[in-house]
*Asks:* 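Take this structure, written in structure tokens, and hold onto it; I'll ask about it next.
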Amino acid sequence: MEKIKQRNLAEQVYKLCRQIPQGKVTTYREIAAALGTKGYQAIGQVLKKNPDPGTVPCFKIVKSTGEIGGYCGSDLKNISMKIEKLQKEGIVVREGKVDLGKCLFRFE
DNA sequence: TTGATGACCTGAG
DNA sequence: ACTCAGGCCATCA
């Protein structure tokens with residue numbers, strides 16, 4: 001049987017990212033769960049390697065603890081920009097952390 | 001193919 | 001609350 005494995009994890013991730021509404025954020029864990037995998041790291045890996053802020057709002061993805069994590073190379077400067085973008089969307093960021101109980105979006 | 005890396009997660013001290 | 005160590009998965013050299 002040819003398992004219809006995930007053609008490309010990246011594509012799935014991008015699709016989910018695009019489906020994130022404005023003013024909401026998601027965690028790597030949710031994405032991995034939505035894809036049915038446990039490679040949380042792989043998610044971030046793909047996002048980091050394929051930074052497409054024009055098509056995929058990767059800044060809407062945070063850690064399960066609510067921390068920002070990283071952005072465009074895990075540089076602190078970029079992280080700051082990520083936070084600003086989130087705030088602009090209407091997301092509440094406190095001490096570099098996001099209110100998951102308020103802006104956590106889940107894939108149905 | 002093997003080995004190393006990473007924007008992670010969970011649990012224990 | 002914070003820090004340390006182990007684990008899981010996909011991608012790159």
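Proteins get letters first, then strands, A, B, ... in listed order; numbering begins at 1 in each.
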*Asks:* Consider only side-chain heavy atoms of I, L, V, M, F, W and Y, link residues closer than 4.5 Å, and tell whether A/F105 and A/Y14 are in one cluster.
*Replies:* yes

*Asks:* To the nearest Å, how far apart are A/Y28 OH and C/dC8 P?
*Replies:* 21 Å

*Asks:* Atom CD of A/Q45 and atom P of B/dA4: how far apart are they, to the nearest Å?
*Replies:* 16 Å

*Asks:* NZ of A/K38 versus P of C/dG7: gap in Å, rounded?
*Replies:* 15 Å

*Asks:* Taking only Lys NZ, Arg NE, NH1 and NH2, and the carboxylate oxygens of Asp or Glu, determine whether A/E89 and A/K60 approach each other closer than 4.0 Å.
*Replies:* yes

*Asks:* Assess A/K85 against A/F59: is NZ or CZ under 6.0 Å from the centre of the six-membered ring, and within 45 degrees of the ring's axis?
*Replies:* yes

*Asks:* What's the separation between atom OG in A/S74 and atom CD1 in A/I68, rounded to the nearest 0.5 Å?
*Replies:* 13.5 Å

*Asks:* So, does A/K63 use its side chain to make a donor-acceptor pair with the main chain of A/R29 at under 3.5 Å?
*Replies:* no

*Asks:* What is the distance from NZ of A/K63 to P of B/dA7, rounded to the nearest Å?
*Replies:* 10 Å

*Asks:* Distance check needed: B/dA7 P versus A/K77 NZ, whole Å only.
*Replies:* 18 Å

*Asks:* What is the distance, rounded to the nearest whole Å, between atom CD1 of A/I31 and atom P of B/dA7?
*Replies:* 15 Å

*Asks:* Enumerate the protein-to-nucleotides 10-12 of chain B contacts in which both atoms are nitrogen or oxygen and the separation is below 3.5 Å.
*Replies:*
from, atom 1, to, atom 2, distance (Å)
B/dT10, OP1, A/R29, NE, 2.8
B/dT10, OP2, A/S64, OG, 3.4

*Asks:* OP1 or OP2 of B/dA7 sitting under 4.0 Å from any side-chain N/O of A/K82?
*Replies:* no

*Asks:* What integer distance in Å separates A/I61:CD1 from B/dG6:C1'?
*Replies:* 15 Å

*Asks:* Return the nearest nucleotide to the side chain of A/Q41; candidates are C/dC9, C/dA10, B/dA7.
*Replies:* C/dC9

*Asks:* So, for A/G70 and A/I79, which heavy atoms are closest and what is the spacing to 0.1 Å?
*Replies:* CA-CG1, 3.9 Å

*Asks:* Starting from P on C/dA10, measure out to CG on A/L47 and report it in whole angstrom.
*Replies:* 15 Å

